[in-house]
There are 4 protein chains.
Amino acid sequence: MDWSFRNDLPIYAQLVERLKLGIVTGELTPGARLPSVRELAAEAGVNPNTMQRALTELERAGLVYAQRTAGRFVTEDTAVIAASKTAMAESRLRDFLTAMKKLGYDRDGIAALLTEKKEEQEHADTGM
Amino acid sequence: MDWSFRNDLPIYAQLVERLKLGIVTGELTPGARLPSVRELAAEAGVNPNTMQRALTELERAGLVYAQRTAGRFVTEDTAVIAASKTAMAESRLRDFLTAMKKLGYDRDGIAALLTEKKEEQEHADTGM
Amino acid sequence: MDWSFRNDLPIYAQLVERLKLGIVTGELTPGARLPSVRELAAEAGVNPNTMQRALTELERAGLVYAQRTAGRFVTEDTAVIAASKTAMAESRLRDFLTAMKKLGYDRDGIAALLTEKKEEQEHADTGM
Amino acid sequence: MDWSFRNDLPIYAQLVERLKLGIVTGELTPGARLPSVRELAAEAGVNPNTMQRALTELERAGLVYAQRTAGRFVTEDTAVIAASKTAMAESRLRDFLTAMKKLGYDRDGIAALLTEKKEEQEHADTGM
DNA sequence: GTGGTCTAGACCACC
DNA sequence: GTGGTCTAGACCACA
C-alpha cells in the first residue's frame, strides 16, 4: 500500500478512502484479518488514534468489524462490499456529471471530451 | 444566483467557485460591472471580508479586474474565460477518470455506466 | 444540566445521551446555539476532545449542525427531533419487551407488574 | 441454546446472562448437572477461561454450586431461583420506567405505547 | 497483545 | 474565538 497523503483532506479521511479502496478492489479479501491498529498506524506513519478513527469509520460503514481482543476483520458480506463499490462509483459519476452540466456541457459534449481523452491516451500509450 | 453553502469547503472557496461558474457560463457577461463587495456580501449572506477574499482570488485568476473607483468588472478577454472553462472541465475529467480507474473501472466500464445513466435519465424525463 | 457519569458506558456516549435528551425534551430548543465545545467541556468536566466526539455523533444523527466559525446549533427540523424521540422510546420499549419475554413474562404478566408498580408509586406519593 | 454474541458487552457477561436465563426459565432444571467447563466452552465457541469466569459468577450469585469432582449443578433452592427472576424483572422494569420518564412519557403515555404495540403485534400475528 | 477510551496540549483555517 | 484535526502518551478490560 502506498501511504502518501494529500493536503486537501484530513488524514483520517484519506485513510478511510485508502482502506475502502483496498477492500472494494479485493486487495483486502473478505474475512481477512487486518493488522492491529498500532501496526497499521506505524506502517502509514500516523498516530494510532488517527488510524483508529479511520477504522471506526469503516466499521460504521459495515466494511469491517472488530472482535473484542482478536483484531479487526474485513466483512465477509460480499454484498456490502459490492454495494459500497457501486455507491462510490455512482457518487463519483454523479458529481462529475453535475459539475460538467454546471459548466455548460451536455451529454454530447461530455462524450466528445471522453473520446478525445481516449485518443490522447492511446497515442501516449503507443508512444511509450 | 443561489448562495447556498456546503460544509466541506471554506465559504470563500465556494464563493470563488460560484462566481467563476457565473463567468464561464456567461451568466456574468464579459465587461459587466460587478455589484460592490458590500452588496455582493449582503446578497450572499456572508461577511464582506469573505467576499473580498473571493474577489481577490478571481482577480489573481485574471477573470475580474478592478478599476480604482469605478468598481470591479468581468474581464473582456474571452480567451481567458474560455481557457478557464476548459481548464476546469479537464481537471474534473482527469480527477473523475483516475478515481474510477482506482476503483477498477476501465474505459469500457465507465462507458457502460455512462450509457446506463443516460437511459435512466431519459426514462425519468419521459416519465415526468 | 446534571453532568454526573455512570461507569457502565463510555463518557462520550453518556454525553451523547444527555444532549440528545436535552434536545428531544425541548430543554435545548430548535435553532438554539450551543455553547462552544470548550465551554461545554468545562461545564461537564471532561476533556474538550471527549465533548467534541459526542457533538460529532449528534451531528451525524442530524440533531445538531455546525457552522464554520459561528458555533453549533440545534437542528430546526422538528420532524427529525420528533423522529429521534420516538425512535428512542420505541427502542427502549422493544428492548424491554424482548427482555421480559425472554424471562418468561407474557403481555398479561407485564401488565400486572406495571399496575403493581403503579400502586406502589401512588402509595409512596400519598405517604410523602 | 443460541450462543451468539453482541459487541456491546464482554463475552463473559453475556455468558452469565445467557446461563442465568436458562436457569430462571427452567431450561436448566434445578439440580441438573452442567456440562464441564471445557464442553460448555466448546459449545459456545469461547475460551475455557471465559466460560470459567461466567460460571464463577453464577456460583457467587448462588444459582450454581460446585461439587469437588462431580461437576457443577444448578441449585435446588427454587426460592433463590424465583428471587433471581423477579429481581431481574424488577430491574428491567425500573430501568425502563425511569428511561421513559426522562424522555417525557408519563404512565398514561407509556400505557398508550404498550397497547399500540400490542395491537401491532396482534395484526402481525393474524396476518401471518 | 488487542481494541477502546480519555486526557493534555498543540496547530490550523476561518471569520 | 470557533470548530476541526492531529499527536503523544496513558490506562483499562478483555482473552
Side-chain angles (χ1 to χ4, degrees), chain A residues 5 7-16 33-42 44-59 64-73, chain B residues 5 7-16 41 44-54, chain C residues 5 7-16 33-42 44-59 64-73, chain D residues 5 7-16 41 44-54:
Chain A
F5 300 109
N7 63 352
D8 63 340
L9 212 62
I11 292 183
Y12 82 90
Q14 297 185 48
L15 291 175
V16 169
R33 184 182 179 282
L34 294 175
S36 77
V37 177
R38 292 158 176 77
E39 281 175 305
L40 277 174
V46 301
N47 185 287
N49 279 330
T50 306
M51 182 57 79
Q52 173 106 2
R53 179 165 180 186
L55 290 170
T56 305
E57 206 94 344
L58 282 181
E59 211 168 339
V64 149
Y65 62 92
Q67 249 176 359
R68 306 219 143 272
T69 61
R72 274 193 181 78
F73 301 84
Chain B
F5 299 107
N7 212 352
D8 63 340
L9 214 63
I11 289 184
Y12 83 92
Q14 297 185 49
L15 289 175
V16 169
V46 301
N47 189 296
N49 287 328
T50 308
M51 183 57 80
Q52 173 81 357
R53 179 164 178 184
Chain C
F5 299 109
N7 63 352
D8 64 340
L9 212 62
I11 291 182
Y12 82 91
Q14 297 185 49
L15 291 175
V16 170
R33 184 182 179 283
L34 294 175
S36 78
V37 178
R38 291 159 176 76
E39 280 175 303
L40 277 174
V46 302
N47 185 285
N49 279 330
T50 306
M51 182 58 79
Q52 172 104 4
R53 179 165 179 184
L55 290 170
T56 305
E57 207 93 346
L58 282 181
E59 212 170 337
V64 149
Y65 62 92
Q67 248 175 1
R68 308 222 139 268
T69 62
R72 275 193 180 78
F73 301 84
Chain D
F5 299 107
N7 213 354
D8 62 341
L9 214 62
I11 290 184
Y12 84 92
Q14 298 186 48
L15 290 175
V16 170
V46 302
N47 188 297
N49 288 328
T50 307
M51 183 57 79
Q52 173 81 355
R53 179 165 179 183

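Reminder, nothing fancy here: chain letters follow the sequence lines and each chain counts from 1.
If you take CZ of Phe5(D) and P of dA15(F), they are 9 Å apart, rounded to a whole angstrom. Taking atom CG of Asn47(B) as the reference point, atom C1' of dC15(E) lies 6 Å away to the nearest angstrom. Rounded to whole angstrom, the span from the CZ atom of Phe73(C) across to the P atom of dT2(F) amounts to 11 Å. Distance Leu9(C) CG to dG4(E) P: 15 Å, rounded to the nearest Å. Counting to the nearest Å, the P atom of dT2(F) and the CZ atom of Arg33(C) are 6 Å from each other. The distance between atom CD of Gln67(C) and atom P of dC15(E), rounded to the nearest whole Å, is 11 Å. Rounded to whole Å, atom P of dC14(E) lies 12 Å from atom CG of Leu15(B). Nucleotide dG4(E) holds its C1' atom 15 Å from the CD atom of Gln14(C), rounded to whole Å.
Put simply, the side chain of Leu34(A) reaches to within 4.5 Å of the side chain of Leu55(A), judged on heavy atoms. Side-chain atoms of Val46(B) and Phe5(B), non-hydrogen and from C-beta on, do get closer than 4.5 Å to each other.
Between the Arg33(A) side chain and the Ala70(A) main chain, a donor and an acceptor come within less than 3.5 Å of each other. Panel note: side chain Gln52(A), backbone Val37(A); no donor-acceptor pair is recorded below 3.5 Å. Distance alone, capped at 3.5 Å, places no donor-acceptor pair between the Gln67(A) side chain and the Phe73(A) backbone. Judged by distance alone, the side chain of Glu57(C) and the main-chain N or O of Ala13(C) form no donor-acceptor pair under 3.5 Å.
A distance of 6.5 Å separates OG1 in Thr56(A) from CZ in Arg53(C), rounded to the nearest 0.5 Å.
Nearer the 5' end of DNA chain F, as judged by each residue's closest nucleotide, is the contact made by Ser36(C), out of Ile11(A) and Ser36(C). Positionally, the nearest nucleotide of DNA chain E for Ala70(A) lies more toward the 5' end than for the other of Tyr12(C) and Ala70(A). Taking for each of Glu39(C) and Pro10(A) the nucleotide of DNA chain F with the nearest heavy atom, the 5'-most of the two is the partner of Glu39(C). Nucleotides of DNA chain E nearest to Leu34(A) and Asn49(C) differ in position, and the one nearer the 5' end is that of Leu34(A).
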Applying the Watson-Crick and G-U criteria (both distances under 3.5 angstrom) with [ ] for crossing and | for other-strand pairs, one obtains for DNA chain E ||||||||||||||.
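Distances shown here put a side-chain N or O of Gln52(A) below 4.0 Å from the OP1 or OP2 atom of dG4(E). A sub-4.0 Å separation between OP1 or OP2 of dT7(E) and a side-chain N or O of Thr50(C) is present.
Scanning atom types as modelled, no donor and acceptor separated by under 3.5 angstrom connect the side chain of Asn7(D) and the base of dG3(E). Counting distance only, with no hydrogens placed and no angle test, the side-chain atoms of Arg53(A) and the base atoms of dG4(E) include no donor-acceptor pair under 3.5 Å.
The residue Leu55(A) sits apart from the nucleic acid: no heavy atom pair falls under 4.0 Å.
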